[in-house]
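To keep things clear, I will list the structure first and then write my remarks on it.
Computation of the quantities below employed the complete heavy-atom set of this structure, encompassing side-chain atoms and omitting hydrogens, waters and symmetry-equivalent molecules. Order of appearance sets the numbers: ligands from 1, and atoms from 1 within every ligand.
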Amino acid sequence: MRKPYIAGNWKMNLDRKSGLALAQALREGVGDRTDHDMAVIPPYVYVPEIVRALEGSPIRVGAQDVCDQVSGAYTGEVSAAMLKDVGCDLVVVGHSERRHVYGESDGLTNEKLHRALEAGLEVILCVGETLEERQAKETESVVRRQTSTGLAGVSEADMARVTLAYEPVWAIGTGLTATPEQAAEVHGYLRGLVSGVFHEEVAENTRIQYGGSVKPDNIRELMAVGDVDGALVGGASLKPDSFLPIFDHAG
Ligand code: PEP
């Protein structure tokens, strides 16, 4: 049984005050509920303070990126061990904005994923096709390449700390959402891929989030898809009024 998992990616939004207010409102709204998992993913600089604000709450705290190197002369970077050190629980790797705005490759994404797992963090690995790739009927080949390279070298045991997020690039921040049928197709394909790379039990236990303009009014139909186990939410995670209903309606 896969527990619904809702994660909110704040991207480069909010400031210290509004981030803390959001964390506090989520803390009150979630209480001690553990039937679903929730994570918030603030910008790096706010991670320690949000960790403190959520201490004792079941809400987990993540980072939006991590360095592919362990330590050393990498100006501007933040290591997995540093994130672990300040109480961070998880990192996102392979987000489409990292891939498409900053040109990050599948290989680099895989290195980041390994540094995070080695440091004891959990990982959300994002995959998804652009509109042009979908129109060219390349969705499966794109998510296959991103998933198989992204997970290369990961052990079966470590897969317990990996969540996949299917985020069609054309649906991120655009107001366009994949239909439940489109989500079902790709999520089912991804589960089959995980089964092929590892085995069926690993695939059955791996959570696959959907991401792309998730809102309170579309979460139910997406969660009704058997292979959709939660959501990675951008814009709608910035306000308790939209993020808490998504959490509430997720299961
Ligand atoms: C995201 O950034 O991962 C995302 C899905 O954004 P949005 O919900 O705003 O489309």
Would you check the N or O atoms of [X], main chain and side chain alike, for any that come under 3.5 Å of an N or O of ligand 1?
{"X": "Glu97", "result": "no"}
{"X": "Gly235", "result": "yes"}
{"X": "Thr174", "result": "no"}

Problem set entry | Heavy-atom gap Ser213 to ligand 1 smaller than 4.0 Å | yes
Exercise. If we ignore angles and hydrogens, is there a donor and acceptor under 3.5 Å between the side chains of Glu133 and Thr130?
Worked result: yes
Problem set entry | Side-chain (Arg115) to main-chain (Ala80) donor-acceptor, under 3.5 angstrom | no
Problem set entry | Side-chain donor or acceptor of Tyr44 paired with backbone N/O of Val66 under 3.5 Å | yes
Exercise. Which is it for Val154 and Met159 under the side chain to side chain contact (heavy atoms under 4.5 Å, CB included) test, yes or no, and what are the steps along the way?
Worked result: CA-CA 7 Å; Val154 175; Met159 277 303 287; 3.9 Å; yes
For this session: Count the heavy atoms of every other residue, nucleotide or ligand shown that sit under 6.0 Å from CD of Glu185, and state whether that count exceeds 12.
Result: no
Atoms of ligand 1 less than 4.0 Å from [X] heavy atoms?
{"X": "Gly212", "answer": "5 (C), 10 (O)"}
{"X": "Leu232", "answer": "3 (O), 5 (C)"}
{"X": "Ala171", "answer": "10 (O)"}

For this session: Check Ser237 against ligand 1 and report side chain, backbone, both or neither, counting heavy atoms closer than 4.0 Å.
Result: neither
Exercise. Where on Asn9 is there a heavy atom closer than 4.0 Å to ligand 1, on the side chain, on the backbone, on both, or on neither?
Worked result: side chain
Exercise. What protein heavy atom sits nearest atom 1 (C) of ligand 1, and how far away is it?
Worked result: His95 NE2, 3.3 Å
Problem set entry | Taking atom 3 (O) of ligand 1 as the reference point, the nearest protein heavy atom with its distance | Glu167 OE2, 2.6 Å
Exercise. What do the steps show when you test Leu90 against Ile41 for side chain to side chain contact (heavy atoms under 4.5 Å, CB included), and what is the final call?
Worked result: CA-CA 9 Å; Leu90 65 123; Ile41 309 173; 4.3 Å; yes
Problem set entry | Nearest-option assignment for atom 10 (O) of ligand 1, heavy atoms, candidates Gly8, Cys126, Gly234, Gly173 | Gly173
Problem set entry | Distance flag, aromatic centroids of Phe247 and His36, threshold under 6.0 Å | yes
For this session: Specify whether Tyr166 and His187 have parallel, tilted or perpendicular ring planes, treating 30° as the upper limit for parallel and 60° as the lower limit for perpendicular.
Result: perpendicular
